[in-house]
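Indexing begins at 1, ligand by ligand and atom by atom, following the structure's order. For the numbers below, each heavy atom of this structure counts, side chains included, while hydrogens, waters and symmetry mates do not.
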Amino acid sequence: MEMLRNGYLFTEIFKKQMEHMEKYPDAKIISLGIGDTTLPMPRLVTTAMQEYSNALSTIEGYRGYGLEQGNMPLRKAIARNIYKNMGFNESEVFISDGAQGDIARIQLMFGSNISIAVQDPTFPAYVDTSMIMGQTRKQAVEYMRCNPEKSFFPELSGVPRTDVIFFCSPNNPTGHAASRRQLEDLVSFATNNGSIIVYDAAYSFFISDDSPKSIFEIPGSKQVAIEISSFSKFAGFTGVRLGWTVIPKELRYSNGYQVIKDFNRIMCTCFNGASSIAQAGGLACLTAEGLQGIRGVMDVYKENARSLVETFSLIGLKVYGGVNSPYAWVHFPGCKSWDVFNEILEKTHVLTVPGCEFGPSGEGFIRVSSFGKRDQIQEACKRLKRLFA
Ligand SMILES: *Cc1c(COP(=O)(O)O)cnc(C)c1O
């Protein structure tokens with residue numbers, strides 16, 4: 001555990017925020033920092049949770065444990081609506097209390113004796129959970145550099161073989177959604193190496209161009225990939241907690257054993273199913289009306305992202321992401337991420353996230369989140385323009 005960085009990144013940023021508030025008690029701080037949703041959910045979703053919850057106080061409506069793998073109607077809705085025409089059966093979909101927990105449970109399933117590769121930069125949970133699992137050999141983690149010059153995709157010919165490859169797309173923090181061509185390369189790389197891809201699609205619903213929304217759009221992927229996803233960012237379930245993982249029955253270990261059987265065992269043993277109330281809400285999200293409501297919320301975040309990208313571009317900085325993702329990734333060549341973070345906070349009272357915290361290649365960048373209310377984002381843009389004018 002001592003190999004983990006001092007603390008969870010957002011605890012550090014929260015500390016900075018507290019110090020800043022003490023120093024400037026009257027400042028109106030705006031957070032473009034932690035990726036947390038801020039807009040209300042569509043009424044239809046909360047009504048579904050309310051009705052389910054009310055029924056629990058009736059003799060007929062009371063329910064106890066559900067299936068550890070999740071309620072069938074929700075698993076079916078995910079298999080049919082989200083993975084349309086990909087031939088998944090509901091038994092290949094496992095409902096969870098969010099992607100974060102599934103990342104940890106997948107590590108638990110693979111054990112501590114594996115080698116992993118991650119994008120550099122990326123979401124810190126993949127490496128952190130593997131350290132907690134006891135994966136402390138330095139050479140066990142391969143950082144695959146993903147920089148703008150290389151279209152945010154690793155030079156795979158230079159990446160050594162690992163047992164597992166964590167791949168997040170659209171990536172947090174860069175906001176880059178991997179192209180079909182890039183994902184085809186990734187799948188053939190994993191196939192040739194006998195590696196398993198753990199694909200984090202938590203932001204897939206933000207994709208607005210023709211980039212694949214799932215790794216399973218790539219032929220041959222069912223033999224090599226697991227996909228993790230979540231209601232958190234697309235439906236505002238960060239507090240309600242609901243996610244899922246898809247494990248194709250075609251995915252096998254090198255000895256021929258089906259990975260889905262192992263994961264099923266983990267879910268039954270270390271998890272006892274997601275909240276039934278949250279699952280009722282999730283099911284409502286996937287109705288036509290629910291999806292429409294959610295899209296409305298996402299459109300606001302996307303509009304926010306456009307404003308942020310425009311602001312930093314006007315200042316004359318190189319900005320990436322923000323199109324297929326709620327995050328913009330801003331380059332300050334020759335600067336240290338934490339210095340940029342501190343200067344922006346000090347002079348504009350705007351919180352961001354230092355890019356170096358997502359991996360060594362993130363040095364010199366900051367991540368800005370568009371998960372704010374419209375007026376707050378506009379105010380932040382105004383302050384930033386003034387700072388760099
Ligand atoms: C937010 C986030 C998660 C965690 O999602 P939860 O479902 O809320 O646990 C997972 N992966 C990435 C890349 C994220 O940004």
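On a distance-only criterion, T238 and ligand 1 share no N/O pair closer than 3.5 Å.
Residue, atom and distance of the protein heavy atom nearest to atom 14 (C) of ligand 1 are K233 NZ, 3.1 Å. Scanning all protein heavy atoms for the shortest distance to atom 12 (C) of ligand 1 gives D200 OD2, 3.4 Å.
Residue-ligand proximity, G98 to ligand 1, at heavy-atom distances under 4.0 Å covers atoms 7 (O), 9 (O). Listed by number with element, the atoms of ligand 1 under 4.0 angstrom from any heavy atom of R241 are 6 (P), 8 (O), 9 (O). Of all the atoms in ligand 1, the ones that sit under 4.0 Å from a non-hydrogen atom of Q100 are 4 (C), 6 (P), 9 (O). Using a 4.0 Å cut-off to heavy atoms of S232, the atoms of ligand 1 that qualify are 6 (P), 7 (O), 8 (O).
Contact between C168 and ligand 1 is present, with at least one heavy atom of the residue lying under 4.0 Å from the ligand.
Listed by chain and number, the hydrophobic cluster partners of I344 are I30, L32, L308, V309, F312, I315, L317, V319, V330, F332, V340, V350, I366, V368, I377, L384, L387, F388, where partners are ILVMFWY side chains within reach of under 4.5 Å, directly or through others.
Just one residue in the list K261, K76, K249 forms a salt bridge (charged side-chain N to carboxylate O under 4.0 Å, His left out) with E92, and that residue is K249.
Checked by atom type and distance alone, the side chain of T122 never pairs as donor or acceptor with a backbone atom of V118 at under 3.5 Å.
Between F365 and W329, the angle of the ring planes stays under 30°, which puts this pair in the parallel group of the 30/60° scheme.
For the residue pair R374 / S307, a side-chain donor-acceptor distance below 3.5 Å is found, with atom types taken as modelled.
Aromatic ring centres of F358 and F123 lie farther apart than the 6.0 Å criterion allows.
Residue pairs meeting the side-chain hydrogen bond (donor to acceptor under 3.5 Å, both in side chains) criterion with at least one member in residues 24-34, sequence neighbours excluded: Y24-E346.
When heavy-atom distances to ligand 1 are checked against a 4.0 Å cut-off, A99 comes that close through both its backbone and its side chain. The part of Y203 lying near ligand 1 is the side chain, judged by heavy-atom distances below 4.0 Å.
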